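Contents: one structure, followed by commentary.
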Amino acid sequence: MSFENFDLHPSILKAIQRCGYTKPTSVQSQAIPKVLAGFDVIASANTGTGKTASFVLPALQLISKRRFVRRKYGKPSVLILTPTRELANQVSQAIRTYGKFLRFSSISLVGGVPYGPQLKSLSRPVDIVVATPGRLIDLMNRRNIDLSEVKFMVLDEADRMLDMGFVDEVTKIADMTAAERQTVLFTATWDNTLAALAQRLLNEPQRIQIDTKNTQQNIEQRLHVADDLEHKNRLLDYLLEDELLTQAIIFSATKVGADRLAKELRAQGHAAAALHGDMKQGARNRTLTNLRRGKLRLLVATDVAARGIDVSTISHVINFDIPRFAEDYVHRIGRTGRAGSEGTAISFALPDDLIHLERIERYTGQKIPQQVISGLEPTRRLRRPKSKKRNSRRAYSAPNNRKSYRAATKNGGRYRNNQPPAHAHKRRQRLSDST
Ligand code: AMP
């Protein structure tokens with residue numbers, strides 16, 4: 001199959017050629033014809049599979065044919081919702097790239113930046129709006145945007161939008177769009193909450209399933225057991241000497257940890273910077289630009305902040321702290337090995353991290369091979385952490401995936417016995433670390 005088979009506008013085909021794409025990826029060859037034929041579509045596809053083009057190319061095609069009403073002030077005909085600002089920026093960049101030879105207008109409406117320029121852009125004709133739910137709702141409430149002519153709506157990374165608690169916002173936004181709208185939903189994971197949302201928003205959707213397990217075969221994965229933080233630092237120093245490591249994203253569990261590590265790496269002479277949700281949007285954008293331009297070799301990031309980063313030169317992902325949610329592991333390592341290129345993902349695990357490691361391996365269906373570096377051997381082994389309250393009442397069991405996290409935080413965020421565990425606050429903070 002080639003892009004010519006899709007009967008796309010010649011200007012779009014020209015832009016695709018410029019990108020150097022020779023053939024559509026799997027999700028593209030399955031999704032694009034269905035979307036162009038006007039079906040609602042649910043696609044289970046991860047980042048790195050080429051999913052963005054699967055909805056951006058049909059959106060541009062629809063715009064190019066001007067099947068919709070003429071462009072109007074503040075009344076877009078295409079709406080793309082993303083969970084995070086970074087992903088919104090990434091999608092906007094893809095729209096600029098694939099729409100390079102078309103005449104249309106696309107704007108991005110995300111939080112963390114002043115309203116002024118966004119209001120100005122809404123006072124001009126606009127075709128495509130890429131938005132995060134929070135800022136879009138604000139603008140809707142202020143009557144700065146009218147979605148009544150949105151006939152094509154995309155929910156990108158819908159699972160993450162729900163994880164971040166945006167279910168009501170997404171529903172409210174969808175309710176304001178045209179009744180005869182076409183809706184496309186992309187998600188990496190699937191559960192009942194998402195099924196209920198899809199049932200409400202999509203009409204007889206066609207389903208596309210890209211197998212997660214087969215999409216990351218191009219990423220070499222390995223694991224190092226570390227005795228403690230100091231051992232992790234020594235392992236990292238060793239790995240950073242590798243000349244094949246051109247650029248890396250190093251994942252930290254906390255914002256404070258990301259700042260600390262970035263500072264230490266800079267002190268050692270590395271071109272390193274942190275990226276997390278406590279940073280102002282301007283600083284986040286500048287950091288990403290520096291990464292993209294190759295001015296940074298190392299980016300120390302938290303999960304949400306790193307979502308949507310699409311930099312083809314990222315050779316390595318290093319999980320300095322192993323993720324608690326298996327889905328996060330898949331998303332993290334998907335920052336390397338973009339579009340089928342080779343990538344390396346290295347995780348550090350403390351002895352008590354066995355439980356998290358097992359969850360990840362169950363989820364991906366792959367065993368992560370353990371490696372030992374001569375001179376940096378661990379003295380301790382992976383083990384199951386001992387319960388501190390073995391003989392007392394049943395200890396609180398933390399939600400072990402996003403689905404049970406959502407269930408546990410339902411009903412106003414109340415936990416069993418109304419007692420959230422100490423770490424739950426941090427976890428919730430991490431999940432809200434976005435728009
Ligand atoms: P995505 O999954 O949308 O984040 O895309 C991942 C990467 O794949 C991006 O860097 C795209 O530029 C690239 N890409 C998208 N489609 C293709 C294609 N057909 N051939 C090669 N690379 C592609």
Side-chain angles (χ1 to χ4, degrees), residues 1-6 8 12-33 35-36 41 43-61 80-100 106 108 128 130 154-161 184-189 208-219 246-247 249 288-289 291-294 304-315 317 327 330-343 345:
M1 161 137 349
S2 82
F3 282 102
E4 274 75 21
N5 296 108
F6 299 142
L8 291 165
I12 303 176
L13 285 175
K14 187 171 160 191
I16 294 171
Q17 260 174 10
R18 282 278 171 97
C19 292
Y21 302 169
T22 46
K23 60 180 178 37
T25 63
S26 171
V27 65
Q28 290 163 3
S29 36
Q30 293 184 62
I32 293 174
V35 180
L36 286 176
V41 168
S44 299
N46 254 320
T47 178
T49 54
K51 69 176 169 66
T52 314
S54 317
F55 57 82
V56 169
L57 297 179
L60 291 171
Q61 175 74 356
I80 300 169
L81 281 182
T82 70
T84 64
R85 304 168 199 165
E86 276 74 18
L87 188 57
N89 291 342
Q90 208 66 63
V91 171
S92 295
Q93 178 58 47
I95 293 170
R96 280 194 292 279
T97 305
Y98 303 137
K100 192 172 178 178
S106 169
S108 172
I128 304 179
V130 184
V154 179
L155 305 178
D156 192 15
E157 302 199 359
D159 50 345
R160 184 52 68 110
M161 265 191 284
V184 179
L185 183 154
F186 279 80
T187 179
T189 59
I208 292 165
Q209 177 83 42
I210 305 295
D211 189 1
T212 311
K213 290 165 197 163
N214 290 330
T215 54
Q216 297 191 318
Q217 297 295 337
N218 54 325
I219 302 170
T246 47
Q247 266 186 323
I249 300 186
L288 282 177
T289 306
L291 183 74
R292 224 164 260 128
R293 293 190 177 153
V304 175
R307 267 230 151 185
I309 296 180
D310 178 15
V311 178
S312 55
T313 43
I314 303 288
S315 60
V317 162
E327 295 101 310
V330 171
H331 280 291
R332 284 183 183 188
I333 73 168
R335 303 296 116 215
T336 181
R338 307 292 291 169
S341 63
E342 300 292 309

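Numbering of ligands and ligand atoms starts at 1, following listing order. Sequential numbering from 1 along the given sequence is applied to the chain's residues. Keep in mind the model is a prediction, meaning the values are calculated, not measured.
Remark: ligand 1 and G50 share an N or O pair separated by less than 3.5 Å (distance only, no angle test). Between D310 and ligand 1, a contact under 3.5 Å exists for at least one N or O pair.
For the pair K23 and ligand 1, a heavy-atom separation below 4.0 Å is found.
Pairs of residues two or more places apart, or lying in two chains, never qualify as salt bridge (charged side-chain N to carboxylate O under 4.0 Å, His left out) while including a residue from residues 87-100.
Looking at residues two or more places apart in sequence or on another chain, you find a side chain to side chain contact (heavy atoms under 4.5 Å, CB included) between T313 and Q247, V311.
Within ligand 1, the atoms closer than 4.0 Å to a non-hydrogen atom of T25 are 17 (C), 18 (C), 19 (N), numbered from 1 in the order shown. Listed by atom number, the atoms of ligand 1 under 4.0 Å from F3 heavy atoms are 19 (N).
Although no hydrogens or angles enter the test, the distance criterion places a donor-acceptor pair under 3.5 Å between the side chain of R335 and the main chain of I309. In this structure a side-chain-to-backbone donor-acceptor pair under 3.5 Å is present from S315 to T246.
Both the backbone and the side chain of T52 come within contact range of ligand 1, each with a heavy atom under 4.0 Å. By the criterion of a heavy-atom distance under 4.0 Å, neither the backbone nor the side chain of F55 is placed next to ligand 1.
Here the rule is side-chain contact (heavy atoms from CB on, under 4.5 Å) with I95, and of I128, L57, T52 only I128 fits it.
Defined by atom type and a distance below 3.5 Å, a donor-acceptor pair is present between the side-chain atoms of S2 and E4.
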